[in-house]
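Structure first, commentary second.
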Amino acid sequence: MKYNPQEIEGKWQKIWEERGSFHCENASDKPKYYCLEMFPYPSGKIHMGHVRNYSIADVVAHFKRMQGFNVLHPIGWDAFGLPAENAAIQHDTHPAKWTYANIDNMRAQLKRLGFSYDWRREIATCDPEYYRWEQLFFIKFLEKGLLYRKKAPQNWCPKCNTVLANEQVVEGLCWRCDSVVEQKELTQWFLRITDYAEELLADLDTLEKGWPERVIAMQRNWIGKSIGAEIRFAVEGGGASIPVFTTRQDTVFGASFMSIAAAHPLLDELIAGTENEQAVRDFARKILNTDKRELSADSLEKEGMFTGRYCLNPFTGERMPIWVANFVLAEYGSGAVMGVPAHDQRDFEFARKYGLPIRVVIQPDSMPPLDPASMNEAVPESGRMVNSGEFNGLDNEEGKIRIADRLEEQGLGKRTVNWRLRDWNVSRQRYWGAPIPVVYCDACGVVPEKEENLPVLLPLDVVTRKDGRSPLPDTPAFYECACPRCGGKARRETDTLDTFVESSWYFARYTDPNNSAAPFTPKALAYWMPVDQYIGGVEHAILHLLYARFFVKALRDFGYLEASEPFANLLTQGMVLMDGKKMSKSKGNTVDPTEMIARYGADTVRLFCLFAAPPERDFDWTESGIEGAFRFINRVWRLAAELIGKVPAQEPCSSTSEDASLPKARELRHKEHATVKKAGEDIAGKFQFNTAIAAVMELVNLAYLVKDELLGDEGGRKTLGSALSTTLCLLFPIAPHLCEELRQRMGSQSLMADRPWPVYSDSALAQDMMTIVLQVNGKLRSTLELSAGTDAEAIKAEALADANVRKHLEGLTIRKVVLVPGKLVNVVAN
RNA sequence: GCCCGAGUGAUGGAAUUGGUAGACAUACCGGACUUAAAAUCCGGAGGCCGUAAGGCUGUGCGGGUUCAAGUCCCGCCUUGGGCACCA
């Protein structure tokens, strides 16, 4: 009996499929459990990262199923997007053809791995039956005022030929191709994610139990709430005033100059007719032409130029020179900063460089009196207010409140909150995406498509352009249309939606994926949502996970569902590395899952991915590691092969204490039950598959050690049969084909896939002997083997009688004897 | 600068949340089987000293709390990640 993974894996995949073993229904008397992995982008082939991600999810799905849950475990394809479009152009084919071919290929690979998906629920986002609902949402967003068009400078990737959302710009570079992102003025569609900023932030508190801390921290950071005040500074000699956002209104008495961004809307008006108008204009242009990445670099030298104009400090009446400065961001706050050099490091450097006045207005209690002349850096710390008129002597936190009150009383400003989060630009200038369902009509303006006309189909009979630009603006058959309102001639929007829109609601579509009358039914959503366990890479910590959270809140407000959060629990799995580096084709350090499956079988590949490290951590792919996994699988196979025919086909944990009369049988039975407990706890509580597997390995190792002796005893054979059966059950979520095959060969009629998780018994866990550790002054000196019932006094007596303990107590006086029941005795002496 | 993590054998990693540090595996060494090798089965192993029994030492560094610290507290060092001239 030889282990042949290729043969048995194909066999069981077929049987499971025929029997619909992993199908699930939208109603059940079992409790529901929704287990979801981030769906793949159909790039062509599955890589090891996918295998790891889906192996983790599959263990969870199987385990929950075995524990009696109705488990939804679906899969689909994030099928629109630029890489497919580029690849198709490169290979002289159509993106649709390319994408569907990739899906076919990758689906076959996933099936070859034996994952327990309900394939009836498979979706592809490029299918009109999917994106039509997204177009419906677009119209609803528009109706609710959550979607608007705006002309503004946008992040533009020259290589991808499209705009990018803020979340898609990483340190000034395109997240996808690393090109330097440029600014380009365009009219674009924006989703008002900022309307939900407060809720997106607050609800992170509800995720604290289920999400990794760092993902929550990253989202908090990204949303970036700042509480402060807006203060208006009147411009001297003109009706205009400059609003400023500050979190430090308590320092307003120290504001000695004003700095504004080069793109500030008032700049032209301010400098018109002044003597250095041209110089300031040139300076501002220079800043605007510097790329964003350079401007945000740490090393940027602070530069500025005086505009020649002044504004007035509303609290001191002081004339504050207005400067244009290269460090002021036009898009944050109001694009202007009040300069308080004593208490802000940037302002300090700027004031020193240009000889602007520095005035201390906060004196920390812990510091000697501050003197601007001798300061060499700003002091942002808390303290007592000074040089601040009637506010002198107040704690500055109290001062923030009092100054804000004063601003509001006198109409000089108000309390405000500023967010780092920007609205989400969802327009893309590329072809392979969902069409935006609006038309532009000369008579009616911007008009949404009628619901009954959806979907607005993406035309497939176009020829993509070599330069990557969308063919849609050159396709009259697509853009020429009738206005849905007046019936007159109109032009259809030719931009498509950001593909992150598709991934913001796919988890909801899985609940009712074949519904052709609605995106989903409220009943199915109410039953399945939220996702109980979501599993994927941490690279989506902000992008996808933030958008999806926003979408669910918006859909909730449209009345579709009750949940406010899509994912109750999140597991971010680590990467599969090679030689400590990320696998990549260009570096040539990749491992092809298909090749590994061909060599070792799917069960071995799955086992290795789960055993190499805890799921959150990165791990290195190693040849010896996969060999080790293969060796263990074979070891289980050989154990079973030897026992089949000699031991009865037992159910797991079915041997009795009478069966286990031999000491080694008792030991094996104890281990069997202890392993059920340990493996169950490791998988359920902490997703520590590596230690769960280690525990099963221990059980297998023990079975090897005791089998020869137990085979000669009838009760021993039963004990072995039970232990083997248990081993297969525990291993089933990890290496399902192996376990089904061996269970069948043992003579069992039912399928592993229909079996519950084994249940251990406390009585089998009880030990008759216990090991007591003996310490003298906290150092290990000896151990004792005592029967479990030994009482405390007897244990102490035994401990003090131990030869090695007595040796170490020689010449010392015993001060205290500490006893930890069932564990140790520590004799304290000096 | 701010916010999260992480530092344990040659290696990946364990340690019931304060109670025998190094489970399990990889690599290594030894034994059995074999004409031989591979595979397999069994065994060894943190470091130093010792034939052994045993002793000393050991979880990034320095202090502390405790009968007892990888685990808790204080101060550092190194390192990974996120955000950032955000006013």
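Residue numbers start from 1 in every chain, and the chains themselves are labelled A, B, ... in the order their sequence lines are given, proteins ahead of strands. The model shown is predicted, which means the values in this text are computed figures rather than measured ones.
For A:L731 and B:A25, the CG to P distance is 13 Å, given to the nearest whole Å. Summarising the geometry, the separation between CG on A:N166 and P on B:C86 is reported as 16 Å, rounded to the nearest angstrom. At whole-Å resolution of the value, NZ in A:K225 and P in B:A84 are 20 Å apart. The CD-C1' distance, from A:E627 to B:A38, rounds to 12 Å in whole Å. Atom CG in A:L780 sits about 12 Å away from atom C1' in B:A68, given to the nearest Å. Atom CZ of A:F257 and atom C1' of B:A87 are 11 Å apart (whole Å). Between A:R346 atom CZ and B:C85 atom C1' the separation is 5 Å, expressed in whole Å. The interatomic distance linking A:F632 (CZ) with B:A23 (P) rounds to 17 Å, in whole Å.
To the nearest whole angstrom, the two P atoms, one in B:C2 and one in B:C85, are 16 Å apart. Annotation: B:G7 and B:C76 have their C1' atoms spaced 14 Å apart (nearest Å). For B:G46 and B:C28, the C1' atoms lie 14 Å apart once the distance is rounded to whole Å. A gap of 24 Å separates the C1' atoms of B:G9 and B:G5, to the nearest Å. B:G13 and B:U59 have their C1' atoms separated by 13 Å, given to the nearest Å. For the C1' atom pair drawn from B:A14 and B:U8, the interatomic distance equals 10 Å after rounding to whole Å. Between the P atoms of B:U34 and B:U20, the separation comes to 44 Å (whole Å). Atom name C1', nucleotides B:G70 and B:G58: the rounded distance is 11 Å, in whole Å.
Under the rule for a salt bridge (Lys or Arg N to Asp or Glu O under 4.0 Å), A:E785 has no partner lying at least two apart in sequence or in another chain. For A:F608, the ring pair (Phe, Tyr, Trp, His ring centres under 6.0 Å) criterion is met by A:F619, A:W621, not counting sequence neighbours. Contacts of A:Y332 classified as ring pair (Phe, Tyr, Trp, His ring centres under 6.0 Å), with partners at least two apart in sequence or in another chain: none. Taking the ring pair (Phe, Tyr, Trp, His ring centres under 6.0 Å) definition, one finds that A:F611 meets it with nothing, sequence neighbours left out. Evaluation of the salt bridge (Lys or Arg N to Asp or Glu O under 4.0 Å) rule for A:D762 yields no partner, not counting sequence neighbours.
Of all nucleotides present, only B:G82 satisfies the Watson-Crick or G-U wobble test against B:C2, with each distance under 3.5 Å. For B:G58, there is no paired nucleotide, since no Watson-Crick or G-U wobble pair has both relevant distances below 3.5 Å.
Salt bridge present: A:E318 and A:R359 bring a charged side-chain N and a carboxylate O closer than 4.0 Å. Electrostatic pairing of A:E623 and A:R599 counts as a salt bridge here, judged by a charged N lying under 4.0 Å from a carboxylate O. Using a cutoff of 4.0 Å between basic side-chain nitrogens and carboxylate oxygens, A:E798 and A:K796 are not scored as salt-bridged. Between A:E303 and A:K286 a salt bridge is recorded (basic side-chain N to carboxylate O distance below 4.0 Å). Salt bridge status for A:E397 with A:K400: present, with a side-chain N to carboxylate O gap under 4.0 Å.
Residue contacts shown for A:R422 are absent, as no nucleic acid heavy atom lies under 4.0 Å away. Note on A:T771: a base of the nucleic acid sits closer than 4.0 angstrom, heavy atoms only. A:V328 comes within 4.0 angstrom of a nucleotide base, judged by non-hydrogen atoms across all strands. Within 4.0 Å (heavy atoms only), A:G628 reaches sugar-phosphate atoms of the nucleic acid but no base atom.
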So which protein N/O to nucleotides 11-17 of chain B N/O distances come out below 3.5 Å?
unit_1: B:G12; atom_1: O2'; unit_2: A:A612; atom_2: O; d: 2.7
unit_1: B:G13; atom_1: O3'; unit_2: A:N690; atom_2: ND2; d: 3.4
unit_1: B:A14; atom_1: OP1; unit_2: A:N690; atom_2: ND2; d: 3.3

Review item, nucleotides 40-45 of chain B N/O atoms under 3.5 Å of protein N/O:
unit_1: B:U40; atom_1: O3'; unit_2: A:R638; atom_2: NH2; d: 3.2
unit_1: B:C41; atom_1: OP1; unit_2: A:R635; atom_2: NH1; d: 2.8
unit_1: B:C41; atom_1: OP1; unit_2: A:R638; atom_2: NH2; d: 3.2

For nucleotides 79-83 of chain B, give me every protein contact, N/O to N/O, under 3.5 Å, one pair per line with atom names.
unit_1: B:G82; atom_1: N2; unit_2: A:N221; atom_2: ND2; d: 3.2
unit_1: B:C83; atom_1: O3'; unit_2: A:R420; atom_2: NH1; d: 3.2

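Taking every side-chain heavy atom of A:K302 into account, B:C85 is the closest of B:U20, B:C85, B:A87. Checking B:A87, B:U26, B:C85 against the side-chain heavy atoms of A:S624 singles out B:U26 as nearest. When distances are taken from the side chain of A:Y332 to each of B:U57, B:G5, B:C86, the shortest belongs to B:C86.
Residues A:D347 and A:T622 each lie close to RNA chain B; by heavy-atom proximity, the contact nearer the 5' end of the strand is made by A:T622. Summary of the strand contacts: A:V828 and A:N326 both lie near RNA chain B, and taking for each the nucleotide with the nearest heavy atom, the more 5' one is attributed to A:V828.
Minimum heavy-atom separation, A:R52 to A:P615: NH2-O, 3.3 Å.
Residue pairs meeting the side chain to side chain donor-acceptor pair (under 3.5 Å) criterion with at least one member in residues 250-266 of chain A, sequence neighbours excluded, are A:R248-A:D250, A:D250-A:N396.
By the rule that a glycosidic angle within 90° of 0 means syn, B:G81 does not qualify and counts as anti.
Side chains of A:L164 and A:C174 form a contact here, defined as non-hydrogen atoms less than 4.5 Å apart.
Between A:F257 and A:Y354, the gap from one ring centroid to the other reaches at least 6.0 Å.
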Under 3.5 Å donor-acceptor pairs involving side-chain atoms of residues 688-701 of chain A, not counting sequence neighbours:
unit_1: A:Q688; atom_1: OE1; unit_2: A:T691; atom_2: OG1; d: 3.4
unit_1: A:T691; atom_1: OG1; unit_2: A:D682; atom_2: OD2; d: 2.7
unit_1: A:T691; atom_1: OG1; unit_2: A:Q688; atom_2: O; d: 3.1
unit_1: A:E698; atom_1: OE1; unit_2: A:K671; atom_2: NZ; d: 2.9
unit_1: A:N701; atom_1: OD1; unit_2: A:R635; atom_2: NE; d: 3.3
unit_1: A:N701; atom_1: OD1; unit_2: A:R635; atom_2: NH2; d: 2.9
unit_1: A:N701; atom_1: ND2; unit_2: A:M697; atom_2: O; d: 3.4

For residues 214-221 of chain A, run the donor-acceptor check on the side chains, cut-off 3.5 Å, and write out each pair with its distance to 0.1 Å, sequence neighbours left out.
unit_1: A:Q219; atom_1: OE1; unit_2: A:R549; atom_2: NH1; d: 2.8
unit_1: A:Q219; atom_1: NE2; unit_2: A:A541; atom_2: O; d: 2.8
unit_1: A:R220; atom_1: NH2; unit_2: A:D205; atom_2: OD1; d: 2.9
unit_1: A:R220; atom_1: NH2; unit_2: A:E208; atom_2: OE2; d: 3.3

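Contact check, A:S226 against B:A87: a side-chain N or O comes under 4.0 Å of OP1 or OP2.
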Please report the C-alpha distance between A:E230 and A:R232 in whole Å, then the side-chain angles of each, then the deciding distance to 0.1 Å, and finally whether the salt bridge (Lys or Arg N to Asp or Glu O under 4.0 Å) criterion is met.
-> CA-CA 7 Å; A:E230 182 184 281; A:R232 280 190 299 280; 3.5 Å; yes
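For the contact set between residues 797-816 of chain A and RNA chain B, defined by any heavy atom under 4.0 Å, the members are A:N804, A:K807, A:H808, A:K816.
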